[in-house]
Every structure is written in structure tokens, then in C-alpha cells.
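A note on names: the letters A, B, ... follow the listed sequences, proteins ahead of strands, and every chain is numbered from 1.
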There are 2 protein chains.
Amino acid sequence: MSERNDRKVTRATADLVAREANVSRIAVSRAFNPNASLKPEKRDRILKIARELNYTPDMAARSLVTRRSHLVGMIVPDVCSPWESQEIDALTTALQAEGFATLLFKVKADFSMDQTLLTYMRGFNPDSVIAFTENVEPAVLSGFLDRAVPVYIIYDDAEEFAAKRSTSLYDRLVVRQKEGIEQAVALLQGYGARRVAYLGGKRQSLANTERERIITQVLAERGMAPPVVVPGDYTYDTAYRATLDLFRVGDGADAIFASNDVAAFGAIDALRHELSLSVPGDVKVVGFDDIPQSHWKSYNLTTVRIDLADRVRALVRLILRRLKTPGADPLVETLSTRLVVRGTVG
Amino acid sequence: MSERNDRKVTRATADLVAREANVSRIAVSRAFNPNASLKPEKRDRILKIARELNYTPDMAARSLVTRRSHLVGMIVPDVCSPWESQEIDALTTALQAEGFATLLFKVKADFSMDQTLLTYMRGFNPDSVIAFTENVEPAVLSGFLDRAVPVYIIYDDAEEFAAKRSTSLYDRLVVRQKEGIEQAVALLQGYGARRVAYLGGKRQSLANTERERIITQVLAERGMAPPVVVPGDYTYDTAYRATLDLFRVGDGADAIFASNDVAAFGAIDALRHELSLSVPGDVKVVGFDDIPQSHWKSYNLTTVRIDLADRVRALVRLILRRLKTPGADPLVETLSTRLVVRGTVG
DNA sequence: TTGTACGCGTTATCAT
DNA sequence: ATGATAACGCGTACAA
């Protein structure tokens, strides 16, 4: 009964390898744990036989006793948005190299992070969780995910924000957007822009509200009028229509600061292909993120760059550190931004 | 000792819930299994207390006994390519609705699907595996993944192909590319194209070789010259450079059939912004996939569409069926393609 | 409907 | 360096 079962393919277990190699089951376990002490020659023999039998330790069984699932949960609203897909790609690569697998969860696009999902997710016991959606209360998330390390990506004014959301107890990544925004506004001003519009992203997005706040602040500091704020949602289509509205119903603008690159593309296409305006001749456009598409010749977008590699490195650093020393004090990683000048301003 | 441990947060277990609700641990288990028989009122009380205690059944422990991990592995070379990120998004959404979580694994871009990854992956015991990389031998994959259901996406001439790769033992999805390609070639011919170039994708990609083969075949059937084949790799930058080569070093073409939409964008930008040729005036361009970017006004690409929703539905169907009836005969799902006419031909 | 006993595959503990 | 034993948290057969 326990010797043979009728499943088509019977998965090799440590016991099978042990029997085949004439060692104890424990020795097999140790062979797969580099730290365990085992006579090298014995380990080699075991690993060889394991390979022949196509044996791999079962992570589920292992996690049951080690309390480490080697799973990292990622919560995303849209896998197919260029920025996020890039980030998922880079994170998955980096984590895979460290022995962690990516567990992907999708939340509804309206950012309603329902408890259902978190409960569901918790069943998998991820060692860590990366939340891209910035509108989750730390308390909610950490309450649900015992073993997990919530990592929050917040923007500027980190300390003030942390205090407000009582998030200072958690590891977090701070993106200093102001630097890049200042450079962008300076460039726009230098080329004579007077009436700047801000093409917003999703209302609930923290990145968006912070971008709007900082742009307003920087414009004021430079003696310029406050931005005309046009609502959007980070998508091409919405940006396209919003730009048409701005110029047909509204009073237009001589510069558009978009909340991300994709929205900038929508604005550019509306200006050029429907409003017959020239970019940057009639209207200057600046984006945010610097996704690969931004250097495509049809757009050649001037944009505020967030360095993806740096960002991913910082995140992985936070995760690994928290995993190694669970009791350590919360750590803050900081990331700066800078303007990448291409052809849509000037 | 087993009553209290010193971990900061102690995960609620079925035992704890049972104690709190004054029921047996088994009752808790049953409360979470809809099929199990349990007095409704009792179940409700248990579920309520479970919610209060923030309890979720541990999937790892559960999978150990049920032999179902509720994990679906996805193997991708590039998360950030538009088509794949779309597909990952849709699949994750669909699978999540069915109670499965997506486990993401990245393979090297050169398609070298190394056994290391598969071994690593097998440790997680995914219930099913979707391989986007089309160059994995079924035998290799199935040998490594006992519990998994390899799903292969192959193109046209399914039976011939199946026989050649001895893949007929597995579930598979067949994409009939010929229909869309025929429509595209007819359109090109109708608008006077005579010299058609095929801008290739990754050499190892099965989709690519099949596309080239079918285009050649269709051109012949319509009495047109064979295509000028230009090597590429599905990326914008390579397509851009390849197009420059084609017109500066080579003899040019009056129509370019790109292996995917992104490559088509690269070709269009090279033609318009560097070679000062008009699209579609001087050169007509057709893509493949119909990603969201294809309707962006700057490109407005005529392209062969593969319906993503249909494709994902078919894949999920295959997976769920195989999970429910492991012994069932291999099933073939078929998908057709059609031309979406926009502004780059004619 | 409910409870008992056991096993899933692995590692930790404590021996030797 | 190695081996025996006891967990880890859960589902299932079986009995009640």
C-alpha cells in the first residue's frame, strides 16, 4: 500500500532516495542543506542518486517545519502596465536568484484591496509581501500577514507621511520625486512655458497625489501659476480624451506634465494627431517613469526617471534583511529621481 | 511549550480556532470544506470565530495531504513584453477566480530552459504549468513535473507537428495563424505590394518559424515572390536597426510583415523618422498580436489579432479539466486569428 | 453528524 | 558525523 500507489507518476521522496543510497532519510535531508554536517563523499553520492531519481525536496513539507515558504507575494492591480511589468520582471529575477519564487496576486483596478484577497493570500504563507498598491493601510496588511514583511513605497516627506499613517513601524522605500520634478519644471520654464497642466493618475494613488502636490509646490517656488489639474487614470485612452477636453472645452496649456509616461503618450497623440498641434513647438510634454517605450522615436519623451534597477535592489535588500533578522529596527531606503531630457520639451 | 511560543506573531491554527469555538479540530477543517457535512449553525460559528482570530487554513499543510498545491507555475522569458504581460495578467485573474495562485518563474532570454529552473520549480509542486517558451521538449518538462500538466502552444499543422515532437500525448493549444496571415497578404497584394519583407522574431521561437513558413507559403499561393527574411528578436530596437539595414544596405521592400507588433513599431519609426519614408505611402506595415499599443495614434497598426480572452479561456479550460480528470485523453483547443485593419496598409 | 487515529514529506532536537 | 523521534498543520478513512 505504501510501497506502490496507483498514481501515474510517483514523486520521488527522501525515503526513496535514502533507500536507494543505503543511507538514512535524515542524511538525504542534510545532503540538501549546505549547513548540515555530512561526509562530503556521502553527500555527493546522495545528490547523484537524487538527480537520477529526479528528486527535489518538497517545499510545502519543508515550509511546514522551517516556517519559511520561500514565497514572496506580489500584489498588483495591473500586470500589463509597462512600469509594473518591468518591476515584476526585475523583482522576480532578483528574488529567484536568492531562492524565492514570486507569487502573483491581482487586485481590482479600483484599488479596493479587499480582505478576501489578503485572507486567500495568507493561506500560502508568503515569507514577504510587496504591495504595489499604495492605498493599503499598513495595519490592515500586517494584521493579515503574520509572517510577511509589508514594504511600502511612499513618496517624499517620508517622515511626515509615516507619522500620519503610523507606518513608521515598517520597512519602507522612499522615492524622492522632488528632484526630478524640479529639473523638469526648470526646463519647462527655461523654454518659456507659462501655463502648465498636470495630467493626473488614479485618484487613490499615493504617487499621483504626491506628484500633484510637489508640482504645485515647485511651480509656486518658481513664481509660476498653479497647474491646471486634469483628472486621469494613468492610461493612454483617458489621457487622450482628457487632452482633447483640455484644449477644446478648457483653455489649453503650453505644457503638460503627465503623471506617467503612458499618459504622456496619450497626450502627445491627441495633440499631434487630433488637435494638429506640434510637440514641443506648441505644447511641451513631460512624463514620469522612463519606461522603455519612452525612447521610441514616435514619442522620444522627456521624462522624470525612476531607476528601476536601484529600486529593485533596494526592495530586495529590505526583504532579505527582514527575513534574516526579523527583529531588526525598521529600515528606510531612499531613491532619487532625475530628468531624462529627450525631444518633447524645447 | 506547545501552548505558547516566543514568535512575535503566532499564526492562528485550526486547533486554536477549535478551542475557542468549543469544537473539535476536525470540525474546523470541515467548516472550511464546503463538501463536508457539518451542522450549518456550527459551521457559521466556526467561520465567524476563524475570522475573528484571522485564521486561514495553511495551504502548505493542506497540499501535503490533498496533493493539490493550488499553484500554477508560469514560465516566461520576459514579463515586460507587452503581449506576455497581458497574458500573465489575464491568466492570473482567471486562475485566481478558480482558487489558484500564479507562481512566476523567469527563464533566461536566450530560451535556454535549464534543468536547474525546472528542478527548483518542481519543489513547489505546482498543480499545473504553463510554458510560454515554445522550445521546451514535452518529454523534458513532463519528466520533471510529476503533478504538472504541461500545456503547449503550437501553431498550425498541429498534427504533423505533434507527431514530429511526439507531443500528442499532452494537452495543447493550437493557434491557427494562417487565416490572419492570408487576410494580411491579400490586403497587401490588393494595395499593390510586390516585394514583402518578413521581419523575424527570436530564432528559437516556434511562433516565429511558423509565421515565416506560412507567410512564404501564402505568398507563393498568391503568385508573389518569396519574402525577404530579415532576422530579428521581437524587440523594437532590433527591428529599428534591421529596417535601416534593409533599406540602406539591402534593397528595401514595399511591405514589411513584422513578427509581432513591437517589431512593427520599430520598423515604422525607422521608416518615418530616419529613412523619411511614409507609412503606408511608401512602405506598408503589418504586425502580429494586436496589443493595446497598436491602436495608439502614432502607430495605428494593421495587425493580425490573436484574441487574448479566447486564448486564456482555452488555457484555463485545459488546466481545470486536466486537474479534475487526470486520466482523460489529451485535448486540443484551437484558436483562430484574423486581421485587424487600421492605418499602416493602403 | 461527529470524533479517533493516522499519514502527507520534511526538518529540528537530542541523542549517540 | 549520524540516527531515532517528534513535531509542523491539515485532511481522510473509518468507526461511532
Grab the CG-C1' distance between Asn125(B) and dC8(C) for me, whole Å please.
-> 11 Å
What about the rings of Tyr55(A) and Phe32(A), do their centers lie closer together than 6.0 Å?
-> yes
Measure from the side-chain N and O atoms of Glu84(A) to the backbone N and O of Val76(A), and report whether any donor-acceptor pair falls under 3.5 Å.
-> no
Any chance the side chains of Arg68(A) and Ser63(A) put a donor and an acceptor closer than 3.5 Å?
-> no
Take the protein atom CZ of Arg45(B) and the nucleotide atom C1' of dT2(C), then report the distance between them rounded to whole Å.
-> 13 Å
Ala61(B) has its side chain closest, among dT2(D), dC10(D), dG9(C), to dC10(D)
Salt bridge (Lys or Arg N to Asp or Glu O under 4.0 Å) assessment of Glu52(B) paired with Lys48(B) | CA-CA 6 Å; Glu52(B) 286 171 13; Lys48(B) 178 166 156 285; 3.3 Å; yes
Do Ser85(B) and Ser85(A) get their side chains close enough for a donor-acceptor pair, meaning under 3.5 Å?
-> no
Reading 5' to 3' through nucleotides 11-16 of chain D, protein heavy-atom contacts under 4.0 Å coded B for base, S for sugar-phosphate only, - for none = BB----
Specify whether His70(B) and Phe100(B) have parallel, tilted or perpendicular ring planes, treating 30° as the upper limit for parallel and 60° as the lower limit for perpendicular.
-> parallel
Spacing of Phe124(A) atom CZ relative to dG9(D) atom P, expressed in whole Å = 18 Å
State, without any angle test, whether Arg45(B) and Asn22(B) hold a side-chain donor-acceptor pair at a distance under 3.5 Å.
-> no
Length of the line joining Lys42(B):NZ and dT1(C):C1', which is rounded to integer Å | 8 Å
Is the phosphate of dC8(D), meaning OP1 or OP2, less than 4.0 Å from a side-chain N or O of Thr13(B)?
-> no
Which whole-number value in Å describes the distance from Arg68(A) CZ to dT10(C) C1'?
-> 16 Å
Write down the distance between CE (Met59(B)) and C1' (dC8(C)), rounded to a whole number of angstrom.
-> 15 Å
Arg311(B) side chain to Leu173(B) main-chain N or O, any donor-acceptor pair under 3.5 Å?
-> no
Passing candidate, side-chain hydrogen bond (donor to acceptor under 3.5 Å, both in side chains) with Thr102(A), options Thr93(A), Thr92(A), Asp89(A) | Thr92(A)
Check every strand shown and say whether Ser37(A) touches a base, only sugar-phosphate, or nothing at a heavy-atom separation below 4.0 Å.
-> base
Take the protein atom CZ of Arg19(A) and the nucleotide atom P of dG9(C), then report the distance between them rounded to whole Å.
-> 11 Å
Per atom distances to the Ala14(A) side chain, the nearest of dT10(C), dG3(C), dG3(D) is dT10(C)
Does the side chain of Arg67(B) get closer than 4.0 angstrom to OP1 or OP2 of dG9(C) through an N or O atom?
-> yes
Using atom CG of Leu64(A) as one end and atom P of dA12(C) as the other, report the distance to the nearest whole Å.
-> 12 Å
Would you work out how much the helix from dT1(C)-dA16(D) to dT16(C)-dA1(D) bends between its ends, with each end axis defined by five base pairs, to 10 degrees?
-> 30°
